[in-house]
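What follows is one structure encoded as structure tokens, with my remarks underneath.
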There are 2 protein chains.
Amino acid sequence: MTNEPEGPANRTPTLTDVAKLAGVSVATASKAINGRGEVRATTRVRVLEAAELLSFAPNALARGLLSGRTGTVGLLTSDLEGRFSIPILMGVEDAFGAGQVSVFLCDARGDAIREKHHVQALLSRRVDGLIVVGSRTDPRPPLAGNIPVPVVYVYDPSADPADISLTVDNVGGGRLAVEHLLACGRRNIAHITGDAVYRAARDRAEGAAATLAAAGLTMVGDRPYFGSWDEAWGRAAARMVVERHPEVDGIFCGSDQIARGVLETLRDLGRDVPGTTSVIGFDNWEAIAAHSRPRLTSIDMNLKHLGSVAGQRLFAAIGGAVPTSEQFPGRLVMRESSLPLG
Amino acid sequence: MTNEPEGPANRTPTLTDVAKLAGVSVATASKAINGRGEVRATTRVRVLEAAELLSFAPNALARGLLSGRTGTVGLLTSDLEGRFSIPILMGVEDAFGAGQVSVFLCDARGDAIREKHHVQALLSRRVDGLIVVGSRTDPRPPLAGNIPVPVVYVYDPSADPADISLTVDNVGGGRLAVEHLLACGRRNIAHITGDAVYRAARDRAEGAAATLAAAGLTMVGDRPYFGSWDEAWGRAAARMVVERHPEVDGIFCGSDQIARGVLETLRDLGRDVPGTTSVIGFDNWEAIAAHSRPRLTSIDMNLKHLGSVAGQRLFAAIGGAVPTSEQFPGRLVMRESSLPLG
DNA sequence: CTGAAAGCGCTTACAG
DNA sequence: CTGAAAGCGCTTACAG
């Protein structure tokens with residue numbers, strides 16, 4: 001003796017159970033529940049009550065089998081470890097979370113074999129579309145095999161220009177950064193950044209150089225200081241730059257971590273920031289940028305927004321639209337490391 | 001005229017297509033593809049070749065409808081923003097990624113309504129089980145409603161002791177940290193940590209206090225310095241501690257970010273670390289702990305492992321096992337902020 | 001307004 | 001060893 005509602009014991013209730021309880025056919029129950037077809041109001045109510053009573057949840061598999069649409073999407077990342085995937089993933093979640101589509105998360109770990117496996121599994125599950133998130137901006141080979149659903153590449157573009165790729169404008173990001181330093185009255189600007197094998201490093205440097213050139217200026221040291229993306233390089237490079245070029249009054253760093261190292265060294269050397277030297281980072285990584293001394297001005301590439309646009313674009317593509325590739329600008333986030341001279 | 005293999009144009013191939021092409025019944029095709037039943041070897045080969053030719057991928061929805069198993073699991077997080085969910089999520093991905101189960105990712109944003117929606121959607125999709133990941137260690141209300149599949153709570157335990165919760169031993173973590181400082185020969189140990197409304201803060205402090213007591217010692221300042229989880233608090237608290245208790249020779253910080261702030265202040269004050277004062281953090285957040293000066297010793301709560309265990313436990317529960325709740329220990333990760341006196 | 005029937009793509013007894 | 005048939009849970013014409 002329990003208080004459970006009637007019905008076949010221990011079985012997930014089906015439409016048939018609901019129909020039986022409401023005393024109608026499954027066809028009618030289906031129409032009532034979906035608000036489709038002309039169903040008498042009192043009948044609808046009866047069905048709805050029965051469904052409620054049984055905690056009926058329509059089987060999405062059966063629906064998907066019938067309609068060919070699963071309301072399901074695959075999100076393929078290449079590394080969850082890296083920070084870039086996470087905000088993008090959040091944005092995608094955002095775009096879909098409110099609606100009716102659920103997201104399969106797969107991490108290929110940068111391994112092509114594993115990626116193929118995941119794609120296979122996703123296609124077996126009949127996802128309506130795929131979002132491929134990379135963590136580098138160097139173009140990647142498109143998904144192998146014949147993919148019968150729309151695919152949107154995010155951050156890391158597909159090497160095939162016919163694919164839909166949503167990317168970040170790193171050249172523009174470099175421009176933004178240098179424009180800001182110029183606006184702060186800086187004229188002797190150095191660029192300390194990551195390894196030049198990364199296209200992101202090269203693009204940002206290119207944007208920076210072009211902007212300086214347009215202002216009739218050149219980089220301090222005449223070239224970017226390529227190194228690695230971490231604080232240690234930021235510290236070492238900053239020391240070198242200041243020693244060789246004491247006139248430096250602005251430093252554009254390729255990442256917030258580098259910038260953090262730069263700030264530490266400037267502090268060690270007793271150079272006032274932003275007074276003597278303004279510093280700007282890249283990524284706007286809250287945990288790093290918002291807690292340094294002084295807090296770090298940075299370029300934010302709006303990754304969450306990028307992810308949410310990817311979700312919308314994929315949704316549109318599933319609906320038959322033909323979205324095009326697009327590059328998105330970053331934005332300047334001002335903090336105290338770059339205040340203009342008072 | 002194309003080179004496409006024969007078959008109904010532009011339609012995802014079905015078992016019927018494969019069977020037709022191989023000249024057998026769907027029943028036989030099914031058996032051949034699944035390696036089930038006695039199928040003549042040459043027949044099997046013929047079927048497999050046909051499947052290959054058509055790039056046939058079995059429809060998992062149809063299979064799920066039949067078997068009642070979808071090979072699908074829901075992962076419910078409460079905030080992707082926070083760092084804690086990510087490694088857990090990676091661990092879960094790990095546990096399932098290799099096998100045949102796919103993971104639905106849902107972020108409830110700490111909103112109960114949204115959580116209910118997501119659970120509803122997941123149950124409609126007939127997931128075989130659910131993993132609920134929290135970002136705080138204070139027990140949370142169990143999932144509302146009648147959940148017909150196994151549920152494993154991770155990091156944040158369910159308030160219902162009958163549920164399966166996999167948690168982290170923060171009391172033990174506090175103990176580990178202080179034991180290490182004691183092992184380094186420290187006797188005047190302070191504890192600077194986050195807000196006491198967090199159970200994690202209270203638990204770590206409790207473990208620290210107990211360990212000190214067992215050694216006949218008491219915390220510098222006679223109580224933990226509760227504050228907030230960030231660097232600013234670390235800086236401020238360290239200054240206060242050093243001023244009031246210059247004899248302090250070890251500082252256990254409730255997070256790596258706090259520790260980072262502590263290190264900065266000690267540096268400003270000219271206190272040698274680890275010589276004069278040893279410092280240990282908590283979380284082993286690589287980006288923070290591995291790039292400070294000196295690099296930070298920390299307690300790692302093995303979150304990725306926790307996630308992977310959660311995956312395995314859920315898998316077992318789906319198979320009919322009855323896993324029990326469990327608490328997992330952290331581990332000490334030595335770096336240079338706590339070297340023993342030479 | 002309501003219901004019987006067919007069918008989505010597959011698997012599983014059950015005959016042959 | 002192979003295949004015809006039933007059925008998983010639902011929706012959609014089509015009759016009544």
Side-chain angles (χ1 to χ4, degrees), chain A residues 7-8 10-48 50-51 54-72 100 121 123-128 148, chain B residues 7-8 11-48 50-51 54-72 100 123-128 148:
Chain A
N10 288 340
R11 220 175 27 71
T12 310
T14 115
L15 227 212
T16 308
D17 299 327
V18 174
K20 210 165 286 173
L21 184 58
V24 299
S25 72
V26 285
T28 301
S30 168
K31 287 168 203 154
I33 284 182
N34 295 299
R36 216 185 306 285
E38 322 291 316
V39 182
R40 209 198 313 170
T42 63
T43 310
R44 188 198 330 276
V45 170
R46 207 141 32 90
V47 172
L48 261 22
L54 298 176
S55 315
F56 170 73
N59 187 324
L61 295 147
R63 275 185 170 169
L65 195 53
L66 231 26
S67 69
R69 280 284 174 80
T70 56
T72 265
Q100 302 306 323
L123 293 181
S124 255
R125 298 192 190 289
R126 297 295 186 264
V127 291
D128 297 330
Chain B
R11 219 174 30 71
T12 309
T14 114
L15 227 212
T16 307
D17 299 327
V18 174
K20 211 165 286 174
L21 184 57
V24 299
S25 72
V26 285
T28 301
S30 168
K31 287 168 202 155
I33 284 183
N34 296 299
R36 215 184 307 287
E38 322 292 313
V39 182
R40 209 197 313 172
T42 63
T43 310
R44 188 200 327 280
V45 170
R46 207 140 34 89
V47 172
L48 260 26
L54 299 175
S55 317
F56 169 73
N59 187 324
L61 295 148
R63 276 187 170 167
L65 194 54
L66 230 24
S67 69
R69 282 283 174 83
T70 56
T72 265
Q100 302 306 323
L123 292 180
S124 255
R125 298 192 190 289
R126 296 297 186 263
V127 292
D128 297 330

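Residue numbering restarts at 1 for every chain, and letters A, B, ... go by the order of the sequence lines.
Under a 3.5 Å cut-off, the side chain of B:Ser124 and the backbone N or O of A:Ala60 do not form any donor-acceptor pair. Judged purely by atom type and a 3.5 angstrom limit, B:Thr70 has no side-chain atom pairing as donor or acceptor with the backbone of B:Gly64.
A sub-4.0 Å separation between OP1 or OP2 of C:dG9 and a side-chain N or O of B:Arg63 is absent. Close to D:dT11, at under 4.0 Å from its OP1 or OP2, lies a side-chain N or O of A:Ser30. For the pair B:Thr14 and C:dC10, the criterion of a side-chain N or O lying under 4.0 Å from OP1 or OP2 is met. When the side-chain nitrogen and oxygen atoms of A:Asn59 are compared with OP1 and OP2 of D:dC8, none of them lie within a distance under 4.0 Å.
The distance from atom CZ of A:Arg11 to atom C1' of D:dG7 is 13 Å, rounded to the nearest whole Å. If you take CG of A:Asp17 and P of D:dC10, they are 8 Å apart, rounded to a whole angstrom. The interatomic distance linking A:Phe56 (CZ) with D:dG9 (P) rounds to 10 Å, in whole Å. Taking atom CD1 on B:Ile33 and atom C1' on C:dT11, their separation rounds to 12 Å, with Å as the unit. Atom C1' of nucleotide C:dC8 and atom CG of B:Leu15 are separated by 13 Å, given to the nearest angstrom. Atoms CG (B:Leu65) and P (C:dT11) sit 12 Å apart, rounded to a whole Å. Computed from coordinates, the B:Lys20 NZ to C:dC10 P distance equals 12 Å when rounded to whole Å. If you measure from atom CG of A:Leu61 to atom P of D:dT11, you get 13 Å, rounded to the nearest angstrom.
The one candidate from B:Asp17, B:Leu15, B:Thr12 that meets the side chain to side chain contact (heavy atoms under 4.5 Å, CB included) condition with B:Phe56 is B:Leu15.
Applying the side chain to side chain donor-acceptor pair (under 3.5 Å) test to pairs two or more places apart or on separate chains, those with a residue in residues 54-69 of chain A are A:Asn34-A:Arg63.
For the residue pair B:Ala32 and B:Leu48, the shortest heavy atom distance occurs at O-CD1, 4.2 Å. Heavy-atom minimum distance, A:Ala22 versus A:Val47: CB-CA, 3.9 Å. Nearest heavy-atom pair, B:Pro13 versus B:Leu54, reported as atom, atom and distance to 0.1 Å: CG-O, 3.2 Å. Closest approach of A:Gly71 to A:Asp128, counting heavy atoms only: N-OD2, 2.7 Å. Considering every non-hydrogen atom in both B:Gln100 and A:Arg125, the closest pair reads O-NH2, 2.9 Å.
Both B:Arg126 and B:Ala41 lie close to DNA chain D; mapped to their nearest nucleotides by heavy-atom distance, the more 5′-ward contact belongs to B:Ala41.
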For nucleotides 2-5 of chain C, list the nitrogen or oxygen atoms of the protein found under 3.5 Å from its nitrogen or oxygen atoms, one pair per line.
from, atom 1, to, atom 2, distance (Å)
C:dT2, OP1, A:Arg40, NH2, 3.3
C:dT2, OP1, A:Thr43, OG1, 2.7
C:dT2, OP2, A:Arg40, N, 3.1
C:dT2, OP2, A:Thr43, OG1, 3.3
C:dG3, OP2, A:Ser25, N, 3.1
C:dG3, OP2, A:Thr28, OG1, 3.1
C:dG3, N7, A:Lys31, NZ, 3.4
C:dG3, O6, A:Lys31, NZ, 2.5

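The side chain of B:Leu66 lies closest to D:dC8, out of D:dC8, C:dC8, D:dT12.
Consecutive Watson-Crick or G-U pairs involving DNA chain C, each under 3.5 Å on both distances, make up stems of three or more pairs at C:1-3 with D:14-16, C:5-12 with D:5-12, C:14-16 with D:1-3.
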